Amino acid sequence: MKTAITELFNIKHPIIQGGMHYVGFAELAAAVANAGGLGIITGLTQRTPELLAKEIAKCHDMTDKPFGVNLTFLPAFTTPPYPEYIAAIKEGGIKAVETAGRSPEQYMPALKAAGIKVIHKCTSVRHSLKAEQIGCDAVSVDGFECGGHPGEDDIPNMILLPRAADELNIPFVASGGMADARSLVAALAMGAQGMNMGTRFMATKEAPIHDNVKKALVAASELDTRLIMRAIRNTERVLKNPAVDHLLEIEREKGAKLKIDDIHDQVAGVYPKVMIDGQMDAGAWSCGMVAGLIHDIPTVKELIDRIMTEAEQLIRSRLTGFLDGDAPSKKAA
């Protein structure tokens, strides 16, 4: 399948593995790349630019296909050395960067000078247009269903994607709620040129995270996520657990007076405990509503091959069947 996204990133399938904290290591990025998608190493999971350089080199040893790096720009007391991270990305021969969080505008000259294609994650049309304006090559449009930070507009992808298609001149992929062939075909129908999957790639054999996390994703339904930190306008969608329940109790008690310090224990330093040690109730960790569509733990190649095979069947058989007057059965849906 060829789309503007496969051409832009020189990949076989229009599927991107989004950057995920303590998930996007070389093992997963290489597996996605080898299966024909765009794998992504999460830059800031590597504590220093030197460690990122080593992770990039490790990924090159595992694949000869293109892969990218995620750089998230977030407010912090101590700003990460972004120029040094970008230098490590450039020296590692990376040609694709997924940016997220705050606008990457001040770093665009350095990225473009290195010949790097930039895809920025956005949760609104206005932010997508800004990304286009500052020179991003593509946008990952994140609907309200997504795990992690869905923004503050609460617009689901059935509305957000067509709106992005109406306004953007650069290609975009659908992110949030993406899990299977139906997701891909629907995204293409609404104007996207591919899809970005995060939570779904966590439940694969190559994802370098604890089996407890993978089992929790298979067991979860679409009803098992919660939104936290709404009062401080840093909304995050996470998987429900006792720590999250306690966090929400604190939020209800504090109301509009909530400060990040009030929930520090539930959100700080959680990811290594969950993803590496398998402590499922250690705190709040990002998870999309797409958990309700995750029923197995395949290899990355099995997952991507299945998506692409079923997507072709959906397009050629089910959808054209409607036009030909040969209505497909419910089973074929």
Side-chain angles (χ1 to χ4, degrees), residues 3-74 79-122 131 134-140 170-173 175 193-194 196-198 201 206-208 300 304:
T3 73
I5 287 294
T6 63
E7 298 296 292
L8 181 65
F9 295 116
N10 191 28
I11 54 179
K12 183 178 181 182
H13 305 306
I15 297 174
I16 296 174
Q17 166 245 317
M20 294 172 282
H21 201 35
Y22 277 88
V23 181
F25 292 102
E27 292 86 350
L28 181 57
V32 174
N34 286 330
L38 183 66
I40 300 286
I41 291 173
T42 306
L44 296 188
T45 294
Q46 304 300 320
R47 296 186 306 279
T48 67
E50 293 76 19
L51 288 173
L52 175 58
K54 290 180 179 179
E55 195 71 10
I56 290 171
K58 179 179 178 181
C59 198
H60 278 305
D61 287 340
M62 301 171 77
T63 184
D64 59 358
K65 303 291 194 300
F67 61 92
V69 171
N70 166 281
L71 268 186
T72 299
F73 301 104
L74 294 173
T79 302
Y82 288 115
E84 286 84 352
Y85 276 101
I86 292 171
I89 291 168
K90 175 185 175 182
E91 290 163 12
I94 299 300
K95 295 301 180 185
V97 164
E98 176 193 63
T99 55
R102 289 185 166 181
S103 171
E105 185 170 8
Q106 74 179 98
Y107 302 103
M108 287 298 291
L111 291 166
K112 302 309 285 185
I116 293 170
K117 303 295 185 184
V118 178
I119 180 168
H120 186 55
K121 296 196 80 171
C122 299
I134 66 174
C136 291
D137 300 278
V139 175
S140 181
I170 56 175
F172 67 94
V173 297
S175 182
Q193 298 285 331
N196 178 306
M197 298 195 303
F201 274 126
E206 293 92 341
V300 166
I304 291 180

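Side-chain atoms are counted along with the backbone in the values below, which use heavy atoms only and exclude waters and symmetry mates. Just so it is clear, the model here is predicted, and its values are computed rather than measured.
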Trace of the side chain to side chain contact (heavy atoms under 4.5 Å, CB included) decision for I134 with S103: CA-CA 9 Å; I134 66 174; S103 171; 3.6 Å; yes

Shortest non-hydrogen contact from C136 toward I170: O-CD1, 3.6 Å

Atom pair CD1/CD1 of I15 and I304 - distance to nearest 0.5 Å: 5.0 Å

Minimum heavy-atom distance between I5 and P171, given as atom pair plus value: CD1-CB, 4.2 Å

Least distance between heavy atoms, A96 atom then L38 atom: CB-CD2, 4.3 Å

Reported CG-to-CD1 distance for the pair D137 and I116, which is rounded to 0.5 angstrom: 10.5 Å

Parallel, tilted or perpendicular, as decided by the 30° and 60° cut-offs, for the rings of Y107 and F73: parallel

Straight-line distance of E84 CD to I89 CD1, nearest 0.5 Å: 11.5 Å

Flag, side chain of E55 to backbone of A26, donor-acceptor distance under 3.5 Å: yes

I119 vs I16, side chain to side chain contact (heavy atoms under 4.5 Å, CB included): CA-CA, chis, key distance, verdict: CA-CA 11 Å; I119 180 168; I16 296 174; 3.9 Å; yes

Minimum heavy-atom distance between A88 and P49, given as atom pair plus value: CB-O, 3.7 Å

From CE (M62) to CG (L28), nearest 0.5 Å: 9.5 Å

Selection residues 21-33 - residue pairs positive for salt bridge (Lys or Arg N to Asp or Glu O under 4.0 Å), sequence neighbours left out: E27-K58

From K65 atom NZ to N10 atom CG, the distance as rounded to the nearest 0.5 Å: 10.0 Å

Side chains of M108 and V118 in contact at under 4.5 Å (non-hydrogen atoms): yes

For the student: nearest non-hydrogen atoms of K112 and G135, plus distance: NZ-O, 3.7 Å

Under 3.5 Å donor-acceptor, K95 side chain and A114 backbone: yes

Polar side-chain atom of T63 near backbone of H60 as donor-acceptor pair, under 3.5 Å: no

Polar side-chain atom of T3 near backbone of Q193 as donor-acceptor pair, under 3.5 Å: yes

Full working for side chain to side chain contact (heavy atoms under 4.5 Å, CB included) between F201 and V32: CA-CA 9 Å; F201 274 126; V32 174; 3.8 Å; yes

Backbone N/O of V139 and side chain of H120: donor-acceptor pair under 3.5 Å: no

Under the side chain to side chain donor-acceptor pair (under 3.5 Å) test, residues paired with T42 that sit two or more places apart: none

Taking every non-hydrogen atom, the tightest pair across G68 and I94: CA-CG2, 4.0 Å

Sidechain-backbone polar pair: Y82 side chain, T72 backbone, donor-acceptor under 3.5 Å: yes

Distance-only donor-acceptor check, side chains E98 and N196, under 3.5 Å: yes

Side chain to side chain contact (heavy atoms under 4.5 Å, CB included) evaluation trace for I86 with L111: CA-CA 7 Å; I86 292 171; L111 291 166; 4.0 Å; yes

Side chain to side chain, F172 and S140, heavy atoms closer than 4.5 Å: no

CG-CD distance between N70 and Q17, expressed to the nearest 0.5 angstrom: 9.5 Å

Geometric class of the F25/Y22 ring pair [parallel <30°, tilted 30-60°, perpendicular >60°]: perpendicular

